Amino acid sequence: MIAWQHAWVTENGDDDIPKPQRVSKLAELAHAPLPKTVPALDPADEPATEPDEPAVARRAFARLLGEFRRTAVLVPFDAQGSLWTADFNGVRWICAFSDEGALARFAVARGEAAREWTYRTILGARLLDVMVPMLPGPGGVALDAGSADGMVFPPVAGVVPDEVAVDLGGTGTQDERERA
């Protein structure tokens, strides 16, 4: 088991580890209205001269990534006291949630709303830059897993530190491919 507790730092930089927060009424929260955590992208914000959709999609993802890095998210713990992760296609995903309602809906979907869930609040940047490199093998972050608004931050350069990024081979921009 990875000693996750050693990587946590409070907002003011102290090395004291805060007590985990507890959610006891997840079943009630599961039916709360969904918040709009990420503003919708307005196509009018894009330059009219943008000819290729991949460039527009990359800019939109970069905005979402920046917002995630600046946002505090909830990360639940599993029964062994480690961050809740899920393995999918050889990648370990740290499960994070935008708010207690999203975590509650996840708990209900798993049939585990009756138990008490322990979680920590942490900045998205800390998850990507500190916690993902501590995973054994490729890892990323799944935000609001199982929801229609869920998003993944995969183990690729520009999202996670380069030393733990997975090379997808030829998926960069044409300029990047030509320089390689």
Side-chain angles (χ1 to χ4, degrees), residues 1-2 4-5 7-8 18-41 57-161 164-166 168 171:
M1 175 170 46
I2 297 172
W4 295 103
Q5 303 261 341
W8 294 100
K19 295 284 185 203
Q21 298 173 355
R22 298 198 185 275
V23 175
S24 58
K25 298 181 181 176
L26 286 176
E28 292 172 17
L29 291 171
H31 302 294
L34 293 173
K36 285 292 182 195
T37 57
V38 179
L41 299 177
R58 280 191 298 275
R59 279 199 312 273
F61 179 77
R63 279 190 223 115
L64 291 172
L65 176 61
E67 182 69 22
F68 175 73
R69 293 181 67 78
R70 292 184 297 274
T71 301
V73 294
L74 309 180
V75 182
F77 285 84
D78 63 16
Q80 292 77 36
S82 295
L83 294 181
W84 190 286
T85 61
D87 292 319
F88 185 72
N89 287 339
V91 176
R92 181 162 295 175
W93 299 95
I94 297 172
C95 295
F97 298 90
S98 56
D99 56 36
E100 289 178 341
L103 176 55
R105 287 184 291 279
F106 178 75
V108 168
R110 294 188 52 81
E112 298 183 43
R115 78 170 178 87
E116 185 173 77
W117 286 68
T118 304
Y119 65 90
R120 295 265 172 122
T121 302
I122 188 167
L123 284 176
R126 181 151 312 268
L127 282 176
L128 294 171
D129 297 342
V130 176
M131 304 313 289
V132 165
M134 294 176 71
L135 294 173
V141 176
L143 179 64
D144 294 338
S147 75
D149 296 327
M151 174 133 207
V152 294
F153 297 96
V156 296
V159 176
V160 299
V164 296
V166 175
L168 296 180
T171 59

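If you read the sequence from its start, that first residue is 1, and numbering goes on from there. Computed from a predicted model, the values in this text were never measured in an experiment.
- For the atom pair CG of Asp78 and OG1 of Thr85, the computed distance is 6.5 Å after rounding to the nearest 0.5 Å.
- When all heavy atoms are compared, the tightest approach of Leu128 to Arg69 is CD1-NH1, 3.6 Å.
- Ring orientation note: the planes of Phe153 and Phe61 are tilted relative to one another, at an angle of 30° to 60°.
- Atoms OG1 and CG, from Thr121 and Leu74 in turn, are 5.0 Å apart once rounded to the nearest 0.5 Å.
- Within the 4.5 Å cutoff, no side-chain heavy atoms of Val141 are placed close to those of Val159.
- Side-chain contact check for Phe77 versus Leu83: some heavy-atom pair is nearer than 4.5 Å.
- Among all heavy-atom pairs drawn from Phe106 and Ala145, the shortest one is CD1-O, 3.7 Å.
- Note that CG of Leu135 is 11.0 Å distant from CH2 of Trp93, once rounded to the nearest 0.5 Å.
- The shortest non-hydrogen separation linking Gly139 to Val132 is O-CG1, 3.2 Å.
- Val91 and Gly140 get closest at one heavy-atom pair: CG1-N, 4.1 Å.
- Remark: Phe68 CZ to Leu65 CG distance equals 8.5 Å, nearest 0.5 Å.
- Looking at Asp144 and Arg105, no side-chain N of the basic residue comes within less than 4.0 Å of a carboxylate O on the acidic one, giving no salt bridge.
- Considering all non-hydrogen atoms of both residues, Pro138 and Gly90 come closest at CG-O, 3.7 Å.
- Heavy atoms only, all atoms of each residue included: Arg70 and Leu123 are closest at O-CD2, 3.6 Å.
- Between the CE atom of Met151 and the OG atom of Ser98 there is a distance of 12.5 Å, given to the nearest 0.5 Å.
- Considering only heavy atoms from C-beta on, Tyr119 stays 4.5 Å or farther from Phe97 through its side chain.
- In this structure, CZ on Arg63 lies 11.5 Å from CD on Glu67, to the nearest 0.5 angstrom.
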